[in-house]
**Student:** 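Quick one: structure below, then a few questions.
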Amino acid sequence: MARTSSSVLLLLVLYITCTAILASRHSTVKPSCKSTTYPTVCVQYLLPYASKIQRSPKKMSLVALSVSLSRTKSAYSFLTKLKRFKNLKPRESRAIADCLELMDDSVDRLSKSFQEMKNLGRVKSRDFLFHMSNVQTWASAALTNGNTCLDGFADKSMNGKVKDSVTAQVANVVQVTSNALGLVNQFANNNRH
C-alpha cells in the first residue's frame with residue numbers, strides 16, 4: 001500500500017512539474033506571438049525554443065529570424081528538386097526559376113538580418129537604430145520576395161500539383177518571415193530612445 005502511495009505521489013509531482021514547465025513556455029511565447037500576423041504559426045514554431053528564448057525579446061527575435069531562415073532554406077531546397085522534374089510546363093519552370101532566385105536572395109537577407117541582430121551591442125547604444133533598421137529592411141525584403149514568388153503562381157492557368165506544392169512551401173516561409181519581422185519591429189519599438 002505504501003509503495004502504491006509513493007508511486008501515485010511521484011506521478012503527481014511529475015505531472016505538476018511538467019504542467020508548470022509547459023505553462024512557463026506558453027507564458028513566454030504566446031503573449032509575444034499575439035501581436036504577429038500569424039499567431040498560431042508563431043506559437044507552433046517558437047514554442048519548442050521557449051527555454052532558449054526565456055523572457056528575452058531579443059532572443060525571441062533571433063529565434064524567429066532563425067526559423068524564417070531555416071524555412072526559407074528548406075523552400076529553396078524543395079524548389080531546386082522540383083525544378084529538375086521533366087514534365088513541368090514552361091510557365092511553371094519559369095515561375096520556379098524566379099522563386100529560386102527570390103528564395104536565394106531571401107536566404108542572404110535573412111542571414112544578414114540574423115547576424116546583425118545577433119551582433120547588436122547594448123540596446124541603448126547610439127548605433128542601435130541604424131542596426132535595427134538594417135535588420136528590419138533585410139527581413140522586409142525577404143518577406144517581399146516570398147510574396148513575389150507566390151504572385152508568380154497566382155494565375156489560374158497555373159493550377160495543379162506544382163502550384164499547390166510551391167504555394168504550401170512558400171506560404172509557410174511568408175508566414176514565419178512576417179512573424180519574425182513583427183517580433184523584430186516589436187523589439188525595436190520597445191527599445192527606441
Side-chain angles (χ1 to χ4, degrees), residues 9-78 103 106-107 109-125 128-129 131-147 149-150 164-165 167-193:
L9 182 60
L10 179 62
L11 287 174
L12 183 61
V13 168
L14 283 173
Y15 173 77
I16 291 170
T17 303
C18 289
T19 303
I21 290 169
L22 289 174
S24 71
R25 282 183 171 188
H26 279 280
S27 70
T28 301
V29 173
K30 223 173 183 182
S32 295
C33 285
K34 269 186 183 177
S35 65
T36 64
T37 309
Y38 305 98
T40 304
V41 172
C42 182
V43 170
Q44 173 190 350
Y45 281 94
L46 299 186
L47 192 59
Y49 302 98
S51 61
K52 184 177 185 175
I53 293 167
Q54 299 164 351
R55 294 192 179 277
S56 168
K58 180 180 177 184
K59 288 179 184 176
M60 176 81 75
S61 296
L62 277 167
V63 169
L65 286 168
S66 177
V67 165
S68 177
L69 178 59
S70 173
R71 298 305 306 147
T72 304
K73 286 178 178 179
S74 178
Y76 180 84
S77 176
F78 171 79
M103 291 298 106
S106 292
V107 166
R109 291 176 188 269
L110 289 166
S111 295
K112 287 178 180 177
S113 287
F114 179 82
Q115 283 306 316
E116 189 86 352
M117 186 83 188
K118 186 177 176 185
N119 294 330
L120 268 179
R122 294 183 331 247
V123 171
K124 296 178 184 180
S125 76
F128 175 78
L129 292 177
H131 294 291
M132 282 310 305
S133 177
N134 287 341
V135 174
Q136 292 167 308
T137 299
W138 292 325
S140 179
L143 178 59
T144 300
N145 286 344
N147 283 316
C149 172
L150 290 175
D164 293 345
S165 59
T167 300
Q169 288 281 323
V170 178
N172 179 255
V173 168
V174 167
Q175 290 172 343
V176 296
T177 304
S178 173
N179 288 343
L181 180 58
L183 292 168
V184 164
N185 289 340
Q186 186 177 334
F187 173 76
N189 290 336
N190 290 337
N191 291 286
R192 291 190 194 280
H193 302 289

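Below, all heavy atoms of this structure are taken into account, side chains as well, without hydrogens, waters or symmetry copies.
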**Student:** Would you say the side-chain atoms of Ser61 pair up with the backbone N or O of Pro57, donor to acceptor, closer than 3.5 Å?
**Tutor:** yes
**Student:** As an exercise, state the distance from CD of Glu116 to OG of Ser133, rounded to the nearest 0.5 Å.
**Tutor:** 9.5 Å
**Student:** Looking at side-chain heavy atoms only, is the closest gap between Met60 and Leu46 below 4.5 Å?
**Tutor:** yes
**Student:** How many angstroms lie between OG in Ser165 and CZ in Phe78, if you round to the nearest 0.5 Å?
**Tutor:** 3.5 Å
**Student:** Rounded to the nearest 0.5 Å, how far apart are CG of Asn191 and CD of Gln186?
**Tutor:** 10.5 Å
**Student:** What distance do Met132 atom CE and Met117 atom CE have between them, rounded to the nearest 0.5 Å?
**Tutor:** 4.5 Å
**Student:** Which of these passes side chain to side chain contact (heavy atoms under 4.5 Å, CB included) with Val135: Leu120, Leu181, Leu65?
**Tutor:** Leu65
**Student:** Counting only N and O atoms by type, is there a donor-acceptor contact under 3.5 Å from the side chain of Ser113 to the main-chain atoms of Ala139?
**Tutor:** yes
**Student:** What distance do Arg71 atom CZ and Ser68 atom OG have between them, rounded to the nearest 0.5 Å?
**Tutor:** 10.0 Å
**Student:** Answer yes or no: is there a donor N or O on one side and an acceptor on the other, between the side chain of Thr144 and the main chain of Ser140, under 3.5 Å?
**Tutor:** yes
**Student:** I need the minimum non-hydrogen distance between Cys149 and Met103, along with the two atoms involved.
**Tutor:** CB-CE, 4.4 Å
**Student:** Crowded around Tyr38 OH? As in, over 12 foreign heavy atoms under 6.0 Å?
**Tutor:** yes
**Student:** Which value, rounded to the nearest 0.5 Å, describes the distance between Lys58 atom NZ and Lys118 atom NZ?
**Tutor:** 10.0 Å
**Student:** Between Tyr45 and Asn179, does the side chain to side chain contact (heavy atoms under 4.5 Å, CB included) criterion hold? Intermediate values first, please.
**Tutor:** CA-CA 10 Å; Tyr45 281 94; Asn179 288 343; over 6 Å; no
**Student:** What is the minimum heavy-atom distance between Ser35 and Ser32, and which atoms define it?
**Tutor:** OG-O, 3.1 Å
**Student:** Is there a donor-acceptor pair closer than 3.5 Å between any side-chain N or O of Ser178 and the backbone N or O of Gln175?
**Tutor:** no
**Student:** I need the single residue from Leu110, Asn172, Val170 that forms a side chain to side chain contact (heavy atoms under 4.5 Å, CB included) with Thr72. Which is it?
**Tutor:** Leu110
**Student:** Can you name the closest pair of heavy atoms from Gln136 and Ala188 and give their distance?
**Tutor:** NE2-CB, 3.7 Å
**Student:** When Thr177 is tested against each of Leu69, Leu143, Asn147, Asn145 for side chain to side chain contact (heavy atoms under 4.5 Å, CB included), which residue passes?
**Tutor:** Leu143
**Student:** Write down the atom of Arg109, the atom of Ala142, and the distance for their closest heavy-atom approach.
**Tutor:** CD-N, 4.4 Å
